[in-house]
Amino acid sequence: MRFAPSPTGALHLGSARTALFNWLFARSQGGDFLVRVEDTDRARSTPEAVRVIFDSLEWLGLRGDEPAVFQSERRAEHARRAHELLERGGAYKCFATADELDEMRRAAKAEGRPMRYDRRWRDKPPKTDGSPFAVRVRAPLEGEIVIRDHVQGEVRVRCEELDDMVLLRADGSPTYMLSVVVDDHDMDITHVIRGDDHLTNAFRQTLLYRAFGWEAPEFAHIPLIHGADGAKLSKRHGAVSTLAYRDAGILPEALCNYLLRLGWGKGDMEEFSLDEARAHFTLAGVGRGAARFDARKLSHLNGYWIRRLESADLLERIRPRLEEMLGGAVADLSPVARALPELRTRSEDINALAASALFYLRAPRNADNKAAKILGEVDSARWTSLEKFLGGIADADWHAERLEIEVRDFAERAAVSLGSLAQPLRAAMTGTAVSPPIFGVLEVLGRDEVLRRMGAAFGLESAD
RNA sequence: GUCCCCAUCGUCUAGCGGUCCAGGACAUCACUCUUUCAAGGUGAAAACACGGGUUCGAUUCCCGUUGGGGACGCCA
């Protein structure tokens with residue numbers, strides 16, 4: 001198996017899914033998962049993009065079994081193979097100029113035909129005056145190419161639909177079509193799983209395999225991911241880069257889970273860890289139609305994984321984000337650790353989770369609109385007596401269960417609702433009107449801190 | 001335009017001739033739990049694109065229509 005992205009920008013979600021399927025298939029079959037960077041387009045390929053690909057795969061947990069191959073480093077080999085073919089008559093020199101090709105394109109368009117090279121140099125003796133030439137494959141003129149695709153089934157196309165594609169450009173550089181075939185052959189690739197948009201390339205490539213006298217690999221063309229409007233997923237649908245999801249607080253577990261279930265199904269199962277996916281994955285489960293990307297389901301799955309992760313693991317994942325917000329290393333994360341069970345059911349991404357945990361580590365500096373309003377309606381005499389009351393609670397009784405009993409009791413004696421005490425407390429402790437159950441919050445914060453925040457409550461600036 | 005692919009609830013899907021007045025999940029709406037917000041639980045609404053065949057019987061097989069998508073580079 002191989003995953004062969006071209007480093008021309010961010011790693012697209014569709015590519016991430018292709019990588020995932022390749023990885024899963026390799027793992028389920030006991031094969032190797034190789035990464036090959038298709039950087040033959042020196043103009044568009046950048047080192048940063050290569051970095052992004054590796055970072056993305058690393059983050060997703062899809063590591064290659066061998067060091068990545070850079071296609072650009074194999075250019076000489078690709079050219080050698082093309083010249084070999086040229087000598088054997090499987091390819092020929094084409095001296096058509098760019099202008100001539102443009103003319104063909106124009107004519108084709110005018111007649112409503114797809115652009116096909118007219119093979120004008122196929123049977124002509126090559127020029128010997130040193131003019132630049134491209135090398136084209138001598139493709140069969142008739143018959144048909146049949147592909148038994150593991151996802152799409154049997155697909156056939158008549159040879160008339162194909163033309164003599166370029167193997168080596170006029171400057172001697174190998175084209176994608178040549179490089180892919182030579183590399184897949186040399187790397188002993190047995191299965192090619194890639195996006196549906198390559199289906200037509202599969203015909204051209206099998207043709208090339210045939211010209212070389214090699215056996216073509218098995219193909220599986222998986223449907224593309226579409227945006228909500230049904231068109232191929234692109235920037236205008238929102239974030240399309242894998243790392244953008246990482247930065248948005250999505251867990252790799254969730255993204256893999258989502259990408260797997262998008263266009264693939266296994267009975268009624270919805271949640272899959274990478275391990276479970278590996279155990280269940282089959283190409284037969286891959287659907288044939290394109291699937292639309294649904295950010296809300298991703299979000300739901302992310303919440304699911306936030307709830308499922310080991311506490312220690314989850315804590316480490318939000319640590320960097322907490323430190324960023326606090327502007328420095330956090331020595332003691334234990335308040336957050338204690339609150340984690342309550343916290344984790346309330347966020348669908350880990351950025352929000354970290355933000356919601358902040359008040360456990362630092363007193364609120366201001367109150368949002370709702371909290372300010374709640375605080376504004378507090379009877380200060382009662383507030384003071386509640387403060388005194390809480391201050392009198394013994395250390396041994398300072399835990400959520402006991403505090404709830406005590407405060408309920410206090411409310412009853414004062415003949416007020418529990419909410420009229422709980423909400424102001426929440427506002428004072430967190431600066432917001434929404435948080436985990438307040439008595440748990442009080443417990444984790446500790447009496448001293450609670451009293452401190454109660455005292456500072458009316459000094460909080462209103463900010464939203 | 002040409003070639004190719006696809007077609008089950010709004011979305012992702014299960015279904016591989018009778019088990020389907022079509023199952024699950026997200027989203028939606030109720031109810032429940034509840035000091036807030038979630039999560040959880042219970043329930044509701046929601047689909048086999050259409051037309052022909054084949055068959056005792058089609059969501060499932062075949063053909064056509066319609067609709068959607070992809071590919072048509074000396075890019076990858």
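Chain naming here is simple, since letters A, B, ... match the order of the sequence lines and numbering starts at 1 in each. Model, not experiment: these values are computed from the prediction.
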Just the rounded figure in Å: distance from C1' of B:A76 to CZ of A:F3. 13 Å
Which part of the nucleic acid, if any, lies within contact of A:L101, taking any heavy atom under 4.0 Å across all strands shown: a base, the sugar-phosphate backbone alone, or nothing? base
Want to settle it: does A:G419 or A:Y258 sit nearer the 5' end of RNA chain B, counting the closest nucleotide to each? A:Y258
Does a salt bridge link A:R317 with A:E253, judged by any charged N lying under 4.0 Å from a carboxylate O? yes
By nearest atom, which of the nucleotides B:A38, B:G70, B:A76 is closest to the A:T200 side chain? B:G70
Contact class for A:R261 vs. all strands (heavy atom < 4.0 Å): base, sugar-phosphate, or nothing? base
Where along residues 425-444 of chain A does a heavy atom come under 4.0 Å from RNA chain B, residue by residue in number order? A:R426, A:A433, A:V434, A:S435, A:P436, A:P437, A:I438, A:F439
When you compare B:A58 with B:U42, how far apart are their C1' atoms, in angstrom units rounded to a whole number? 35 Å
Among B:C26, B:C4, B:G24, the nucleotide that comes nearest once only the side chain of A:D294 is considered: B:C26
Quickly work out the A:K297 NZ to B:U11 P distance and round it to whole Å. 13 Å
Which nucleotide in the list B:U13, B:C74, B:U36 gets nearest to the side chain of A:Q423? B:U36
Rounded to the nearest 0.5 Å, what's the gap from OH on A:Y360 to CZ on A:R338? Could you check? 10.0 Å
For B:C72, the nucleotide meeting Watson-Crick or G-U wobble distances (both under 3.5 Å) is B:G1
Base paired to B:A58 (Watson-Crick or G-U; both N/O distances under 3.5 angstrom): none
If pairing means Watson-Crick or G-U wobble with both distances under 3.5 Å, then the partner of B:A14 is none
What is the distance, rounded to the nearest whole Å, between atom NZ of A:K266 and atom P of B:U13? 16 Å
Nearest of B:U36, B:A76, B:C74 to any side-chain atom of A:R346? B:U36
Indicate, with a heavy-atom threshold strictly under 4.0 Å, whether A:G289 touches base, sugar-phosphate, or nothing. sugar-phosphate
Minimum-distance pair of heavy atoms, taken over all atoms of A:G419 and A:P424: O-CD, 3.8 Å
Closest to the A:P114 side chain, choosing from B:A76, B:C74, B:U2: B:U2
Can you classify the ring geometry of A:H280 versus A:F272 as parallel (below 30°), tilted (30 to 60°) or perpendicular (above 60°)? perpendicular
Which of these nucleotides, B:A76, B:C5, B:C12, is closest to any side-chain atom of A:V155? B:C5
A:A96 near the nucleic acid: base, sugar-phosphate alone, or nothing, with a heavy-atom cut-off under 4.0 Å? base
Looking only at N and O atoms, is any donor in the side chain of A:S6 or the base of B:A76 less than 3.5 Å from an acceptor on the other one? no
Would you tell me whether A:H78 and A:D183 have side-chain atoms, one donor and one acceptor, within less than 3.5 Å of each other? yes
Find the distance A:M269:CE to B:G23:P and express it as a whole number of Å. 20 Å
Minimum-distance nucleotide (side-chain atoms of A:K232 versus B:C5, B:G23, B:A71): B:A71
Answer with base, sugar-phosphate or nothing: what part of the nucleic acid does A:R344 contact at a heavy-atom distance below 4.0 Å? nothing
Select one nucleotide: of B:A39, B:C26, B:G70, the one nearest the side-chain heavy atoms of A:D197. B:G70
Of the listed nucleotides B:G10, B:U11, B:G24, the one nearest the side chain of A:R296: B:G10
A:D164 and its salt bridge (Lys or Arg N to Asp or Glu O under 4.0 Å) partner, picked from A:R122, A:R204, A:R136, A:R138: A:R122
What integer distance in Å separates A:W264:CH2 from B:C6:C1'? 21 Å
What nucleic acid atoms does A:D39 come within less than 4.0 Å of, heavy atoms only: base, sugar-phosphate, or nothing? nothing
To the nearest angstrom, how far is A:F203 atom CZ from B:C72 atom C1'? 13 Å
Rounded distance (Å) that lies between atom P of B:U11 and atom CG of A:L301: 19 Å
Which nucleotide in B:A76, B:A25, B:C72 has an atom nearest any side-chain atom of A:E270: B:A25
Under 4.0 Å between any heavy atoms, over every strand shown, what does A:G263 touch: base, sugar-phosphate, or nothing? Just pick one. sugar-phosphate
Decide whether A:R426 and A:Q423 meet the rule of one side-chain donor and one side-chain acceptor closer than 3.5 Å. yes
At 4.0 Å (heavy atoms only), tell me whether A:S173 reaches a base, stays on the sugar-phosphate, or touches nothing. nothing
Hey, is the side chain of A:R105 poking within less than 4.0 Å of OP1 or OP2 on B:C74, counting only N and O atoms? yes
Kindly determine whether A:F458 and A:V378 satisfy side-chain contact (heavy atoms from CB on, under 4.5 Å), including the steps that lead there. CA-CA 10 Å; A:F458 300 108; A:V378 168; 3.9 Å; yes
From CG of A:L340 across to P of B:A39 the rounded distance in Å is 17 Å
Aromatic ring centroids of A:H237 and A:F293 under 6.0 Å? no
Validate the cation-pi geometry between A:R17 and A:F21: distance from NZ or CZ to the six-membered ring centre under 6.0 Å, angle to the ring axis within 45°. yes
How do A:P174 and A:R17 order along RNA chain B: which one's closest nucleotide is nearer the 5' end? A:R17
Check every strand shown and say whether A:H226 touches a base, only sugar-phosphate, or nothing at a heavy-atom separation below 4.0 Å. sugar-phosphate
